[in-house]
Every structure is written in C-alpha cells, then in structure tokens.
Amino acid sequence: MFGKKTFTLRFDQGDSNVRHTVLVAGGAGFIGSNLIRVLLEEGDRVICLDDLSTGRHGNISDLIAHPRFRFILHDIVEPFTLSMPVDQIYNLACPASPPKYQYDPLQTFKTSVIGALNLLELAREKRARILQSSTSEVYGDPDHSPQEESYRGNVATIGPRACYDEGKRAAETLFYEMHQVHGVDVRIARIFNTYGPWMDPSDGRVVSNFVVQALCEDPLTVYGDGTQTRSFCYVSDMVAGLMALMNAPEVLGTISDPVNLGNADEFTMLELAELVLEKTGSRSPLVHKPLPKHDPLQRRPDLTRAQNLLGWRPKVSLSEGLSMTIDYFAGELVASQERRRVEEGGRL
Ligand code: UDP
C-alpha cells in the first residue's frame, strides 16, 4: 500500500483581502475555471487541482501568475492531502459530457466514487466544508417533469450512461453518510445542463457541437427526431448558484440535502438548433443521427428548493447566453486557426 501524497504549497502571507482558502478539484474544466475566476475576484485563495484528462490547461493558463492561485496536477482517485489548511472544497472533478465520460467508463466510475471519497476524507481532516457537483443525471430518463429533489429517478445500473449516473448517485450517498457519521459539512448541487465560455469546443455536448458546427457551416447533428428536451443554464448563473449553496449557513435546516441548480426554461433540440442558426446567421443544414441509447427524453429542474433556501434564481436567458457563447467559440476558432497557421509555417 502506498501512503497519501502530500502537496506542499505556499501563498504570500501579506494579502489582507483573503476570505477563504478554497480547493477546486476539476478546476481546469468548464465550470471549475469559471468558478475560480469569480473566487479570485472575491478575494479567495484558490488551489486548482486537475489531472487535465478533460480539463484544459488553457482554461487556467492566464491565472498561473496570480498570487492567490496555485495549480496541482493530480488525479483525485489517488489519495492526497495538502500541507496547509483549507476552508472550502468544490468537487467538480469528473468528465461530464456523454462521449467523454463513456470513453473510459471505469475511470469515470472511480473518479465519481473513489475520488469523491478521497475529497471527503480531506474535508474531514481539514474540517472544511465540501460541495459535491452532482447532476440531473441522477434522475435518469425521468417519468415526470419538472424534476424535484425528492424524485428518486428512473435510472439504469447498466448501460452506457450508468458509469456516470450511478457513480454520481453513489457519491451522493457517500456525502450523506460522511455528514451523518462524521459530521462533515456537505453540500450537494444537482447540476442541470450548463453552457458558456471555457467549454471545450470538442466537448461533444449539444450546445458546443451546434455552435461550432454552425460557425464552421457544417451540418448540425440532431440526434433522434430532435423533440427531446433539455433546460440550459448559463455558466455565470450556475457559478452564482454553487457559491450561494457553498456559503449558505449551516444552521439552515436540510442544507446538506441535494439542491437542483439550473434554468427551468425547456427547449427541444430542434428549437435549440433553430436558435443557434438564427444567432450565428449560419446556413448549415440539419442532419439527423441515431438517438444514443438511454438518452433522456426530457429534463427540466424544479427550482423551488434553490429559490427558497438560497434566494437564487438564474438570470440569463438562452438567447443572451447563446450570444455570449457564440462570441467565445468564434474567438476560440480564430485562435486555433492562427495556431495551425503558425505551426504549418514552422514546418515549411
Ligand atoms: N445531442 C444532439 N446533437 C449533438 C449532441 C447532443 O442532438 O451533437 C442531443 C443528445 O442526444 C441529448 C441532448 O442533445 O438528447 C443533450 O445532450 P448533451 O450531450 O449536451 O447532454 P446530456 O443532457 O445528454 O448529458
């Protein structure tokens, strides 16, 4: 048996603005890198831990020189600790896009369960509050809509989505029991489909696929007949919700129970495709591809609990959020074309 790896980190002591020391596992990913930017703005020290399996160094490379930011390259499946105190831990470390989490399903399951356990042990050791990024996938293919937190879901223990869905369900149980048995201060956010800047253009999810396809004048790939629905939350709203949940006082009853975070405006994939075409001015056609196995037919959060408990509600409409996302991807495409031109020039 190998022991725990200890990471020794130092921050300048002189910064009087420091609020909390926050560990963000999965901080180089899409939601993590957006969250870290806000935490730094608010005066926190941030330790970003990521194995860069789906997270991208480019998402945080502009932060490396920040005096209140440190990066650790590590896989949360391997036990670890830190040499310094930590006040808050966000667990955002897991591939979340179906093609990415299905690529190495055993690793996805280990990350969801063993990784979560390792972070919970760290929270216990440091007496830190810990927030789990759970998912709307715990509801599976729901048989009613909207989905409220007490709904137990329609989920399969086997099948292509099970490594993620069941891994995240098991992780919720781990969080619950660490709270019951050891008194760890836990928060569980059930995150519904989220989109926005710092998404990986090759993520494989519907918003990134449609926007990149439209910008490149490639056909938009609609899976199935496109009548399945999702409810899309812009990432700044999601970050605000996660922080509100993390910072809600422990005295609030049931604060350790799961809370849905997302946007309740529901769209079919055909409606989304039309909106993307309208906003980009693209003439891309639609092509239909087979609907992936176990693809949920509808998904919409009931946000009553989040609103009552946190006073939080999403503010950004899909139309506004898509405009900002399209601008981001357009910039990314230009930057990657420029990099390719430089590389090709170097090889001549
Ligand atoms: N989808 C699609 N075209 C794509 C990618 C996804 O029509 O290029 C569909 C997918 O089948 C699902 C919905 O869009 O019904 C949302 O898929 P996504 O992978 O974004 O997230 P999910 O909610 O399924 O985890």
Side-chain angles (χ1 to χ4, degrees), residues 29-31 54 92 94-103 105 108-109 111-112 133-142 145-147 153-156 159-169 189-235 238 260-277 280 282 284-301 318 321-322 325-326 329:
F30 158 51
I31 297 180
T54 52
L92 297 164
C94 191
S97 149
K100 298 274 163 109
Y101 70 63
Q102 289 165 17
Y103 174 74
T108 298
F109 195 78
T111 304
S112 298
S133 63
S134 189
T135 168
S136 55
E137 288 284 315
V138 301
Y139 302 122
D141 189 6
S145 190
Q147 294 84 54
N154 174 26
V155 195
R161 294 178 93 100
C163 59
Y164 184 72
D165 299 5
E166 295 295 340
K168 289 288 189 176
R169 285 170 69 93
R190 290 186 179 156
I191 296 178
F192 283 65
N193 296 63
T194 303
Y195 69 100
W198 308 106
M199 249 181 141
D200 184 344
S202 63
D203 190 52
R205 268 182 286 198
V206 69
V207 173
S208 46
N209 277 5
F210 282 1
V211 171
V212 172
Q213 288 160 348
L215 289 172
C216 297
E217 299 287 346
D218 290 333
L220 268 56
T221 51
V222 177
Y223 299 165
D225 63 6
T227 58
Q228 72 272 34
T229 67
R230 294 292 186 273
S231 307
F232 297 101
C233 184
Y234 189 65
V235 68
M238 182 54 63
N260 287 339
L261 294 180
N263 187 316
D265 296 341
E266 188 177 3
F267 295 85
T268 67
M269 296 311 101
L270 286 175
E271 287 168 337
L272 177 69
E274 290 304 328
L275 196 56
V276 169
L277 291 178
T280 53
S282 168
S284 294
L286 306 186
V287 287
H288 288 267
K289 304 253 173 174
L291 188 69
K293 194 174 169 194
H294 292 177
D295 197 287
L297 289 182
Q298 60 175 355
R299 193 182 280 155
R300 177 172 176 226
L318 182 61
L322 267 185
T325 307
I326 290 165
F329 279 124

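Quick note: residue numbers are just sequence positions, from 1. Order of appearance sets the numbers: ligands from 1, and atoms from 1 within every ligand.
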For ligand 1, list every N/O pair with the protein closer than 3.5 Å, one pair per line with the distance.
{"residue": "ligand 1", "atom": "3 (N)", "partner": "Thr221", "partner atom": "O", "Å": "2.6"}
{"residue": "ligand 1", "atom": "7 (O)", "partner": "Tyr223", "partner atom": "N", "Å": "2.8"}
{"residue": "ligand 1", "atom": "8 (O)", "partner": "Asn209", "partner atom": "ND2", "Å": "2.8"}
{"residue": "ligand 1", "atom": "8 (O)", "partner": "Thr221", "partner atom": "O", "Å": "3.2"}
{"residue": "ligand 1", "atom": "8 (O)", "partner": "Thr221", "partner atom": "OG1", "Å": "2.9"}
{"residue": "ligand 1", "atom": "8 (O)", "partner": "Tyr223", "partner atom": "OH", "Å": "3.4"}
{"residue": "ligand 1", "atom": "11 (O)", "partner": "Asp295", "partner atom": "OD2", "Å": "2.6"}
{"residue": "ligand 1", "atom": "15 (O)", "partner": "Gln228", "partner atom": "NE2", "Å": "3.0"}
{"residue": "ligand 1", "atom": "15 (O)", "partner": "Arg230", "partner atom": "NH2", "Å": "3.3"}
{"residue": "ligand 1", "atom": "15 (O)", "partner": "Asp295", "partner atom": "OD1", "Å": "2.6"}
{"residue": "ligand 1", "atom": "15 (O)", "partner": "Asp295", "partner atom": "OD2", "Å": "3.4"}
{"residue": "ligand 1", "atom": "20 (O)", "partner": "Val206", "partner atom": "N", "Å": "2.8"}
{"residue": "ligand 1", "atom": "23 (O)", "partner": "Asn193", "partner atom": "ND2", "Å": "2.8"}
{"residue": "ligand 1", "atom": "23 (O)", "partner": "Arg230", "partner atom": "NE", "Å": "2.7"}
{"residue": "ligand 1", "atom": "23 (O)", "partner": "Arg299", "partner atom": "NH1", "Å": "2.6"}
{"residue": "ligand 1", "atom": "24 (O)", "partner": "Arg161", "partner atom": "NH2", "Å": "2.9"}
{"residue": "ligand 1", "atom": "24 (O)", "partner": "Arg230", "partner atom": "NH2", "Å": "3.2"}
{"residue": "ligand 1", "atom": "25 (O)", "partner": "Arg161", "partner atom": "NH2", "Å": "3.0"}

Test item: side-chain donor near acceptor, Thr268 and Gln228, under 3.5 Å: no
Test item: side-chain donor near acceptor, Glu266 and Ser231, under 3.5 Å: no
Salt bridge (charged side-chain N to carboxylate O under 4.0 Å, His left out) contacts in which one or both residues fall within residues 217-231, not counting sequence neighbours: Arg230-Asp295
Asp200/Lys100 salt bridge by N-O under 4.0 Å criterion: yes
Under the ring pair (Phe, Tyr, Trp, His ring centres under 6.0 Å) test, residues paired with Tyr139 that sit two or more places apart: Tyr151
Ring pair (Phe, Tyr, Trp, His ring centres under 6.0 Å) partners for Tyr234, two or more places apart: Tyr195
